[in-house]
Amino acid sequence: MLANEEVVDGRSEVGGFPVERRNLRQWVLRITAYADRLLADLRDVDWPDSTKRMQEAWIGRSEGAELDFALEGSQGATLKVFTTRPDTLYGCTYMVMAPEHPLVDVITAPAQREAVAAYRKKAAAKSDLERTDLAKDKSGVFSGAYAINPVNGARVPIWIADYVLMGYGTGAIMAVPAHDERDYEFAVHYSLPIIQVIAPGNGGECVLPFVDDGNLVNSGPYSGLEWAEAKKRITADLAGRGIGKATVNFKLRDWLFSRQRYWGEPFPIVWVNERDYPLVAARRVGDLPPNPVTYSQDGVRYCALPLPAVALPLTLPEVESYLPSGTGESPLANCTDWLEIWFNVDTGAAVSASQPRPAGDAWVRGRRETNTMPQWAGSCWYYLRYLDPHNGSGIASPELLRYWGTPDLYVGGAEHAVLHLLYARFWHKVLFDAGVVPQNEPFKKLFHQGIILGEDGEKMSKSRGNVVSPDTIIASHGSDTLRLYLMFLGPLEDKKPWNPRGIEGVHRFLQKFWRECISAEGTPNPKIVDQADADSAELTKLLHETVKKVGDGIEALRFNTAISQMMIMVNAMQKSDRVSRTTVLTVIQLLAPFAPHLAEELWERLGRAPSVLQAPWPQYDEAKLVRDQVKLVFQVNGKHRGDQSVPVNLSQEDALALARANEKVAPHIDGKDLKRVIYVQNKILNLVVG
RNA sequence: GCCCGGAUGGCGAAAUGGUAGACGCACGAGACUUAAAAUCUUGUUUCCGUAAGGAAGUGUGGGUUCGAGUCCCACUCCGGGCACCA
């Protein structure tokens, strides 16, 4: 079993083994039933716009219409197409059906049978990737059949082409080459007619294919209408005749939820013969779906019977080997004793089928499902299980689910934008509908951290040999240094190259702070005094600035600037002869989330207990942040020509007088006309002279 | 092809439309040392200048503004996502 990208030229990327496509019995989860809600509820979450857009594109909602085209010469049979452009119906010059469309056999004219069969065979041999990758050259074959355009009775040839996908819409389209790039390319290639039915609204020039909005032309009674209006009218008119209706389509497909490998949660399903199922169903009233999932093999139909709740969870059997089964089924297919069983419908108990049938009416012959679940089966709800990991009766207790709620902030890589983050939303909504969780969305606020690249600026990988192991850094510098450096490198969301020398900087910073707190003898640094007013005015002000900046930085996830502010603070402490104990303790607290081990040790050595983690977060005093002097910048014609420390809230007249008297500014304005003065208090004085 | 994001010293980066380069790395000079490491002091965008000072400068070209790394338009390059979805 390989993923698409593991197949190269029909062979496995590793080993070069031939690869074939095979239909397997698999399970899918009906995520499509939630498509509209998954789309609409994106409005309510605080996520990066780019991620929301990716999910929107993935869900791919598009509004349009399903229209029925009568088939020529076959009474009553119709070809249903989906289009987002019913307004261009008069421009339809041919139809296209996907090669896999079930009606292809029905409509193909005898003379075209051979050509169509050959084309279908060729298309089937292509992988999905080939069908999309080779998009440049469109190919197709005429079926020999015609459809009738419902608005004007025109005879329209039906082609078979693999640029139309069976998995989307109805698997058939009406082609309007004048107003669709793909249809245009195909029509030119096969010399099919092209009829323009939309003209630019502003009367401007029109180059086909013309896909922008405009007004209808060559469209009978609809000519002259604006296209949006025409969409509504044509759809409504066809609906009135019973041959069309407005619909919505999604790109989102149902979610293939089974894997053919050993590791993975086994499906709690037992397959029983269709003949036995009614007896089973009678014992499990209210516990089974109205219609069982079924499949047929060797002429026998089997019905899916879920294990009773008391028998959950189903665990994997102990095996000697979990190598592939050889048949395409999972390795579980070889665990005969686990697989082929007498199954107790009421209790879920099982006995190997090699044993005699146990006594009692509840026992039925069954075969377990051999597919296993993908990794998503766990990643979709782990954040709920963390709340109550040992709960044996449910995901987590309702009280804990209510108390803790969902994660306040979810940090994860952008590579999860459409898979994990969409699947987990889907599960959460299903759980919400089932009354298990009290919220509709799992991750209210999302943030994508960047990845750390190798020293060479490339993604770390073993093959490139640029991998840096955190264990090595922890061994040489400690985990506090590593943690601090990762945060100091740059903005959290950016990807950044690893710099082995850069880590020395933050390591030195931590050592310097340690020395400020603890002397070489291991006792508190004698410069730390208990006198509350020991700090200079500047140091006090800097402390309050630092408390504010670090707190704001944490809230905004700007750790790099928070750390640089702490460096500025510690540099200032180092230059001071005395520092008050409360100031040192405050800085320890600020550092604690960044370098928890070091902070905890210093906290204790400076005589504090209990843990620094339990101390309330420091508050800054707004009054301590205000300054009485500010640096006013003088500009002449927008150029910096000097600056001066001035009292706050200086008047413009005073500022102007200072500028005129300033020896650096004066030469630039002397003897010139002062045309304009721009004064931004406490910041800048710009003199425009001519 | 379409949709995002990014580009600032030798390097990682900082900067509510108001002194571009904070903080750190690297490098230079000095102090301490027999010496080295560590530590401390100091300098470091580029060009001209001994200096004072001047000029240029945030990927490129235009624009708005007294003033643009920041806002607007066009483009180049790099990265990511999607890719025949009718």
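Chain identifiers are assigned alphabetically (A, B, ...) following the order of the sequence lines, protein sequences preceding nucleic acid strands; residue numbering begins at 1 within each chain. Note that the coordinates shown come from a computational prediction; the quantities given were computed from them, not determined experimentally.
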Length of the CZ-P vector between A:Arg558 and B:rG12, whole Å: 21 Å
Spacing between A:Asn249 atom CG and B:rA86 atom P, to the nearest angstrom: 8 Å
Under 4.0 Å protein heavy-atom contact, by nucleotide of nucleotides 18-28 of chain B - B base, S sugar-phosphate only: BB--BBSSS--
Side chain proximity check, A:Leu79 to A:Met95, heavy atoms < 4.5 angstrom: yes
Separation between the C1' atoms of B:rU45 and B:rG21, rounded to whole Å: 8 Å
Greater than 12 external heavy atoms within 6.0 Å of A:Lys664's NZ: no
Any A:Ser62 side-chain N or O less than 4.0 Å from OP1/OP2 of B:rA86: yes
Rounded distance in Å - CE (A:Met174) to C1' (B:rC84): 17 Å
Separation between the P atoms of B:rC25 and B:rA38, rounded to whole Å: 12 Å
B:rG81 and B:rA86, which share atom name C1', separated by this distance in whole Å: 22 Å
Watson-Crick/G-U partner (both atom distances under 3.5 Å) of B:rU60: B:rA74
A:Leu216: which of A:Thr88, A:Leu89, A:Val197, A:Asp87 passes side chain to side chain contact (heavy atoms under 4.5 Å, CB included): A:Asp87
Side chain A:Gln55, main chain A:Ala417, donor-acceptor under 3.5 Å: yes
Any strand: nucleotide that pairs with B:rA68 via Watson-Crick or wobble, under 3.5 Å: none
Opposite nucleotide pairing with B:rU41, Watson-Crick or G-U, both atom distances under 3.5 Å: B:rA29
Atom pair distance, as rounded to whole Å: CH2 in A:Trp498 and P in B:rA13: 14 Å
Any A:Lys664 side-chain nitrogen or oxygen under 4.0 Å from OP1 or OP2 of B:rG53: yes
Donor/acceptor link under 3.5 angstrom from A:Lys138 side chain onto base of B:rC84: yes
Partner nucleotide, any strand, of B:rA51 [Watson-Crick/G-U, under 3.5 Å]: none
Under 3.5 Å on both distances, the Watson-Crick or G-U partner of B:rA20: none
Gap in Å between the two P atoms, one belonging to B:rA14 and one to B:rC4, rounded: 24 Å
Parallel, tilted or perpendicular: rings of A:Phe186 and A:Tyr163 (30°, 60°): tilted
Sugar-phosphate, base or nothing in reach of A:Gln511, heavy atoms under 4.0 Å: nothing
pair A:Asn525-A:Ile528: side-chain heavy atoms closer than 4.5 Å: yes
Toward the 5' end of RNA chain B, by each residue's nearest nucleotide, A:Val418 or A:Lys495: A:Lys495
Watson-Crick/G-U partner (both atom distances under 3.5 Å) of B:rA86: none
Nearest-Å distance once atom P is located in both B:rA22 and B:rA13: 15 Å
Geometric class of the A:Phe142/A:Trp159 ring pair [parallel <30°, tilted 30-60°, perpendicular >60°]: tilted
Distance in angstrom units between A:His448 NE2 and B:rG6 C1', rounded: 16 Å
Nearest listed nucleotide, side chain of A:Arg676, among B:rA86, B:rC4, B:rC66: B:rC66
Mutual orientation of the aromatic rings belonging to A:Phe443 and A:His420 [parallel < 30°, tilted 30-60°, perpendicular > 60°]: tilted
Rounded distance in Å between the P positions of B:rC40 and B:rC47: 30 Å
Pairing partner of B:rG79 (Watson-Crick or G-U wobble, both distances under 3.5 Å): B:rC4
Syn/anti state of B:rG61 by chi, 90° boundary around 0: anti
C1' spacing across the pair B:rG67 / B:rC71, given as an integer number of angstrom: 13 Å
Nearest-angstrom distance, C1' atom, B:rA20 to B:rA7: 16 Å
Gap between atoms CG and P, on A:Leu492 and B:rA14 respectively (whole Å): 12 Å
Atom pairs and distances, donor-acceptor, side-chain atoms in residues 543-553 of chain A, under 3.5 Å, two or more places apart:
| from | atom 1 | to | atom 2 | distance (Å) |
| --- | --- | --- | --- | --- |
| A:His544 | ND1 | A:Asp621 | N | 2.9 |
| A:Glu545 | OE2 | A:Lys541 | NZ | 2.9 |
| A:Thr546 | OG1 | A:Leu542 | O | 2.7 |
| A:Thr546 | OG1 | A:Gln565 | NE2 | 3.1 |
| A:Lys548 | NZ | A:Asp552 | OD2 | 3.1 |

Sugar-phosphate only, base, or nothing, as touched by A:Arg253 at under 4.0 Å among non-hydrogen atoms: base
A:Glu181 CD to B:rG1 P, straight-line distance once rounded to whole Å: 12 Å
A:Gln652 CD - B:rC66 C1' separation (whole Å): 12 Å
A:Trp47 side chain near A:Phe447 side chain, heavy-atom distance below 4.5 Å: no
Touch class at under 4.0 angstrom, heavy-atom based, for A:Lys549 against every strand present: nothing
Out of B:rU41, B:rA86, B:rG12, whichever nucleotide has its closest atom nearest the side chain of A:Thr83: B:rA86
Touch class at under 4.0 angstrom, heavy-atom based, for A:His668 against every strand present: sugar-phosphate
